[in-house]
Every structure is written in C-alpha cells, then in structure tokens.
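Owing to the predicted nature of the structure, the values given are computational and were not obtained by experimental measurement. Below, each value reflects all heavy atoms present in this structure, side chains not excepted, and no hydrogens, waters or symmetry copies. Letters A, B, ... mirror the listed sequences (proteins, then strands); counts begin at 1.
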Amino acid sequence: MSSELDEPVLGGLRNLGGHMSQEQRFGILSALDLVDEYVSVPTAIGDAIVAFNQHGISYLRVATTPAQFAAGYARQIGPRPLTPARRPPPGLVTALRTGRTGRIRVDLRSHAPFQRDVLAAAREIPVGEVRPYRWIAAAIGRPNATRAVGTALGHNPVPLVIPCHRVVRSDGKPGGYVFGAVSKEGILRREGVDIDYLVALHRRGVGYIGSDTTGVFCHPTCHNARRITDEHRVLLRDAMHAQNRHFRPCRACRPVPSAA
DNA sequence: TCGGTGGCCCTTA
DNA sequence: ATAAGGGCCACCG
C-alpha cells in the first residue's frame, strides 16, 4: 500500500500530531492535498474500491485488491499516498445503487481539459438512457473527435460514478468498456435499457423517434420519447430526415446531426 | 451481416 | 517533438 512518499509524509505528521486519531490526521493531510482515503463500496457489478479526498471521488475500480488498486491509482492519478477510510463519502452508496450519481463530487484535477469536458458531458446522461459517442463530441464542441471521446472515456477514473457506460456506438451496440463489454451490457440492462430493441431499431434504419403531436424528435431512450403513444410515434432515419419533415430536436436529449 | 479500411483527433511514450 | 494507437464511424465488398 505504501509508496516511497507516504512513509516520510505520514510519519512526519504522525510525530507532529502526537496522539492524533487517524481521522484527525487525515483531515490535516487531506486539507493539504497530500493523501486520499480509500474504502470498499458495493456496486451493480460487485464490490469496488473508491479513493476520495476533500474535492470528491478521485478513482474507482471493481474486483480489485488494495494493492492492485494502489498501483492503478499511482499510474493514472499520481503517486499520492492512500489511507484506509472508515466509511464512504455520504450518499455515494445510494447513488451507486440508483445510478443517480449526478450530485456526487468528483476530483478530476489530474486530467486534461478535453477529458474533463468529455466526462462532464457523460454525466448528463440520465439513468435508463444512452447516447452515442458522437453526441458527446458534439456536446463539447468537437464534432469530429468521436474517436478521442472513446479514448477519453476509456480513461474515466471514476466509472459508475461518471456513467461512461451510458455512451454507446451509433449502431445501437454497447461498444467497449473499461470493465469489459459484458459488464457494460449488464449495467445498462439493469438500468432499464433495452439493447436488443436499440439494435433492432438501427437495423431498420431508425435513428430517432418523433411525436406528430409535439413535432419533437428524440433519441430512442429519451424519457420524452418513451412517453409518445404508439399512434403518434414516428420513426425517423436521422436528424436530417427529421428536420426535413419539420421535427425539431428535443431540448432534453439534444439529437445531433450524423457525422459528415 | 460481418469484417476490413481510411479518416479523425487527443493523449502518451 | 513526433509517432503510435485507441471503448468510433461511415463505407465497401
């Protein structure tokens, strides 16, 4: 668990703090941005270990040991000491259970601006819904960077907390995932996403669903699309097709034009 | 339908 | 500083 750095640092403060409790010591070290705490939490795909500090969750991995976790942490985040925590940050376990992780704070300080933008956009996808990689690219103002979006999501330091599993391929298939494509499918199904339906829609050439009463078109999983009754449901090939038929894009799910 | 190909673009070694 | 490579995508056979 210990890097070369943490013994001198922890040892020094231990002496300085005299008989301080572990919590008190962490409080000081955390305030100085010198350590993260880590703790195990249950998730939909098994127990995870999360690291966190005063800024938020910094790292999450599933099916790992503290030693492996620390190694991954050092590689992706940096050589910062980790110290065991007694309990997870308030609200985290519930948020992971419901998938509503939007208000959980995350610490992305060690990541590049592009990565942060990508991850921030991914956070906007609600439980039970999915968006294509292309959608993230458009959302952050880099419509051609879809491949780089995939790479950035692949480096998501806090999967599940930032729901990168809700970003899928344009053909409706789930695509890759940091914990494996199988887990991605499992998580999405558990969140209520019907992957087979999405693939079937795409095979039929349907990219969006419109309502002929509101004149709005949506991603198929958008909560607004799901409320359209059968008789008013219009199947649309792509955004161009939709606009030609005078549908306007849903303000909630923000359909984007297909790539040039 | 599946698999390969070329294009894209950000990050890292 | 540059080149390789990756959770993509559209296109083609």
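When distances run from any side-chain atom of A:Thr146 to the nucleotides C:dC8, B:dT11, C:dG7, the shortest one goes to C:dC8. Listed candidates were B:dC10, C:dG7, C:dC9. Nearest to the side chain of A:Ala145 is B:dC10. With C:dG6, C:dG7, B:dT1 as the candidates, the nucleotide lying closest to the side chain of A:Arg203 is B:dT1. Of the candidate nucleotides B:dG7, C:dC9, B:dT11, B:dG7 has the atom nearest to the side chain of A:Arg147. Residue A:Arg134 places its side chain closer to C:dA10 than to any other of C:dC9, C:dA10, B:dC10. The side chain of A:Arg142 has B:dC10 as its nearest neighbour among C:dG7, C:dC9, B:dC10. For A:Arg169, the listed nucleotide lying nearest its side chain is C:dC8; candidates were C:dC8, B:dC8, B:dC2.
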Check the pair A:Val50 / A:Val39 against side-chain contact (heavy atoms from CB on, under 4.5 Å), numbers first and verdict last.
-> CA-CA 6 Å; A:Val50 295; A:Val39 69; 3.7 Å; yes

Given the rule in the ring pair (Phe, Tyr, Trp, His ring centres under 6.0 Å) test, do A:Phe69 and A:Tyr59 qualify, once you have shown the distances and angles that lead to the verdict?
-> CA-CA 9 Å; A:Phe69 180 81; A:Tyr59 196 59; 5.2 Å; yes

side-chain contact (heavy atoms from CB on, under 4.5 Å) evaluation trace for A:Arg100 with A:Thr94 | CA-CA 8 Å; A:Arg100 302 186 45 163; A:Thr94 301; over 6 Å; no

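Residue A:Tyr133 is in base contact, counting any heavy-atom pair closer than 4.0 Å across all strands shown. As judged by a 4.0 angstrom heavy-atom cut-off over every strand, A:Val149 is placed among residues making no nucleic acid contact. Residue A:Ala112 is classed as a sugar-phosphate contact, given heavy-atom separations below 4.0 Å to backbone atoms only.
Of the nucleotides present, none pairs with B:dC8 by Watson-Crick or G-U wobble criteria with both distances under 3.5 Å. In a base pair of the Watson-Crick type (N1 to N3 plus N6-O4 or O6-N4) or a G-U wobble (N1-O2 and O6-N3), with each distance short of 3.5 Å, B:dC2 is matched with C:dG13.
A:Thr151 has no side-chain polar atom (N or O) that falls below the 4.0 Å cut-off from OP1 or OP2 of C:dG7.
Remark: P of C:dG6 and CD of A:Gln76 are 15 Å apart, rounded to the nearest angstrom. One can place CG of A:Leu119 at 13 Å from C1' of C:dG7, the figure rounded to the nearest angstrom. Taking atom NE2 on A:His111 and atom P on B:dC10, their separation rounds to 18 Å, with Å as the unit. In this structure, A:Ile136 atom CD1 and C:dG7 atom C1' are separated by 12 Å, rounded to whole Å. Separating the NZ atom of A:Lys173 from the C1' atom of B:dG3 is a distance of 11 Å, rounded to the nearest angstrom. Following rounding to the nearest Å, A:Leu160 (CG) and C:dG7 (P) show an atom-to-atom distance of 17 Å. Whole-Å rounding puts the A:Asn144 CG to B:dC10 C1' distance at 13 Å. Rounded to whole angstrom, the span from the OH atom of A:Tyr177 across to the P atom of C:dC8 amounts to 15 Å.
The aromatic rings of A:Phe217 and A:Tyr208 lie perpendicular to each other, with more than 60° between the two planes, well past the 30° mark.
Both A:Tyr197 and A:Ile228 are members of a single hydrophobic cluster when ILVMFWY side chains are connected at heavy-atom separations under 4.5 Å.
The side chain to side chain contact (heavy atoms under 4.5 Å, CB included) test with A:Val199 is passed by exactly one of A:Arg204, A:Lys173, A:Arg169: A:Lys173.
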